[in-house]
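Have a look at the structure below, then the notes.
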Amino acid sequence: MSQRRKFIKQSLMGSAVFFPGLAGAFSQSLEKFDPQREKPLLLSTWNHGVPANAAAWVKLNETGSILDAVEAGVRDTELDMENLSVGLQGLPDREGITTLDASIMRGDGACGSVAFVRQIKHPITLARAVMEKTPHVMLVGEGARQFAIAQGFTLEEEKLSPKARIEYDKWKVTSQYKPIINIENHDTIGMIGLAADGKLAGSCTTSGLAYKMHGRVGDSPIIGAGLYVDDEVGAATATGLGETIIRICGSFLIVELMRQGRSPQEACEEAVRRLVRKSKNIQDIQAGFLAINKDGDTGAYAVHPGFNFAKATAAGNVLLDSKSHF
Ligand code: SD4
């Protein structure tokens with residue numbers, strides 16, 4: 001059995017068991033081990049965070065780079081045909097076109113993102129190319145596509161996945177835009193990670209809200225909204241209704257609250273309280289945040305129950321329920 005499969009199997013069993021096959025590379029010892037506060041550490045949004053963390057962990061073990069790890073982790077989700085909120089199999093906009101948003105950030109401030117891109121299987125890798133190969137932070141739409149071609153990315157055929165086609169055809173009967181909290185249209189993957197050497201990185205990738213207006217961009221590719229990372233402090237990522245997250249600069253806010261002394265949990269809770277204060281129709285809006293500080297403390301909080309996240313340390317990779325405001 002591959003290391004990755006073993007790790008997932010162990011996660012699914014829900015155990016928090018030391019896994020020497022992966023952790024040995026980081027010289028952990030059981031005596032020192034504190035699963036609440038541990039490096040390396042990965043946090044990812046939603047159920048798909050479990051296999052994503054596993055993929056990230058394997059990459060971290062291979063290259064030692066937390067940036068490589070968070071990219072590899074969410075690439076796994078970008079290919080998950082069951083996931084209708086990430087990757088080209090995601091639900092389309094109201095015109096029937098799937099457009100993708102992604103961002104990636106390193107704790108030294110390097111960052112890159114793409115928004116409103118079509119036909120790209122791995123927008124997270126394109127975001128990383130923007131970060132590493134251009135003087136810019138963000139490319140969108142046709143410009144992002146041209147850049148992808150120039151970088152040798154393959155353009156995929158523009159065609160809805162079988163599942164997305166069924167859902168879109170059902171939606172077209174009424175064509176009503178009504179996001180339902182925690183159901184299918186809120187499961188972006190955001191991943192934040194802390195390496196054993198204290199370096200932080202994060203990634204976020206999504207097909208955005210189902211049946212959005214053509215051209216709509218959410219929080220996920222907006223540095224400071226869907227993702228923010230600072231090696232001096234910590235990292236945060238977001239999922240949920242992007243408009244509400246952008247309005248409060250959610251991930252940046254959490255990192256700045258941590259800088260001022262709040263724990264990751266307190267910072268996530270304060271961000272959610274602010275989002276709740278600033279949002280109308282909060283009963284219909286879900287948003288969730290994850291945070292890590294540089295010591296390896298973690299936080300998770302959402303507006304409503306139902307948000308879950310995956311946490312991987314050398315002790316295992318477990319799915320946890322977030323607490324919520326309501
Ligand atoms: C967005 N935050 O585009 C994303 C939505 C989400 O899966 O979480 N979708 O607003």
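Positions are given from 1, in the same order as the sequence printed here. Indexing begins at 1, ligand by ligand and atom by atom, following the structure's order.
Interface atoms of ligand 1 facing Ser85, defined by a heavy-atom separation under 4.0 Å, are 7 (O). Those atoms of ligand 1 that come under 4.0 Å of a heavy atom in Gly208, given as number and element, are 3 (O). Within ligand 1, counting atoms from 1 as listed, the ones closer than 4.0 Å to a heavy atom of Asp219 are 1 (C), 2 (N), 4 (C), 10 (O). Listed by atom number, the atoms of ligand 1 under 4.0 Å from Thr188 heavy atoms are 2 (N), 4 (C), 5 (C), 6 (C), 7 (O), 8 (O), 9 (N). Ligand-side atoms of ligand 1 in range of Gly218: 3 (O), range being under 4.0 angstrom from any heavy atom. Each of the following atoms of ligand 1 lies closer than 4.0 Å to a heavy atom of Asp187: 7 (O), 9 (N). Applying the 4.0 Å criterion to heavy atoms of Thr206 picks out, from ligand 1, the atoms 7 (O), 9 (N).
Aromatic pair His214/Phe116: ring centres closer than 6.0 Å.
Within the structure, ligand 1 lacks Glu243 among the residues with a heavy atom less than 4.0 angstrom away.
Ring geometry for Tyr228 against Phe252 counts as perpendicular: the plane angle is over 60°, on a 0 to 90° scale with 30° as the lower cut. Using bins of under 30°, 30° to 60° and over 60° for the plane-to-plane angle, the ring pair Phe309/Phe307 lands in the tilted bin.
No N or O atom of Leu241 sits closer than 3.5 Å to an N or O atom of ligand 1. Considering backbone and side-chain atoms alike, Asp101 places every N or O at 3.5 Å or more from each N or O of ligand 1.
When non-hydrogen atoms are compared, ligand 1 lies under 4.0 Å from the side chain of Arg216 (C-beta onward) but not from its backbone.
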Thr205/Glu78 under side chain to side chain donor-acceptor pair (under 3.5 Å): CA gap, chis, key distance, verdict: CA-CA 8 Å; Thr205 178; Glu78 286 177 339; 2.7 Å; yes
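Open room surrounds NZ on Lys159; 12 or fewer heavy atoms of other groups in view lie less than 6.0 Å from it.
Scored by the salt bridge (Lys or Arg N to Asp or Glu O under 4.0 Å) test, Arg118 finds Glu158 as partners (sequence neighbours excluded). Residues passing the salt bridge (Lys or Arg N to Asp or Glu O under 4.0 Å) test with Asp80, sequence neighbours excluded: none.
In the candidate list Gly90, Gly240, Gly242, Ser207, Gly240 is nearest to atom 5 (C) of ligand 1, counting heavy atoms.
Between Arg247 and Glu243 there is no salt bridge, since none of the side-chain N atoms of the basic residue sits less than 4.0 Å from a carboxylate O of the acidic one.
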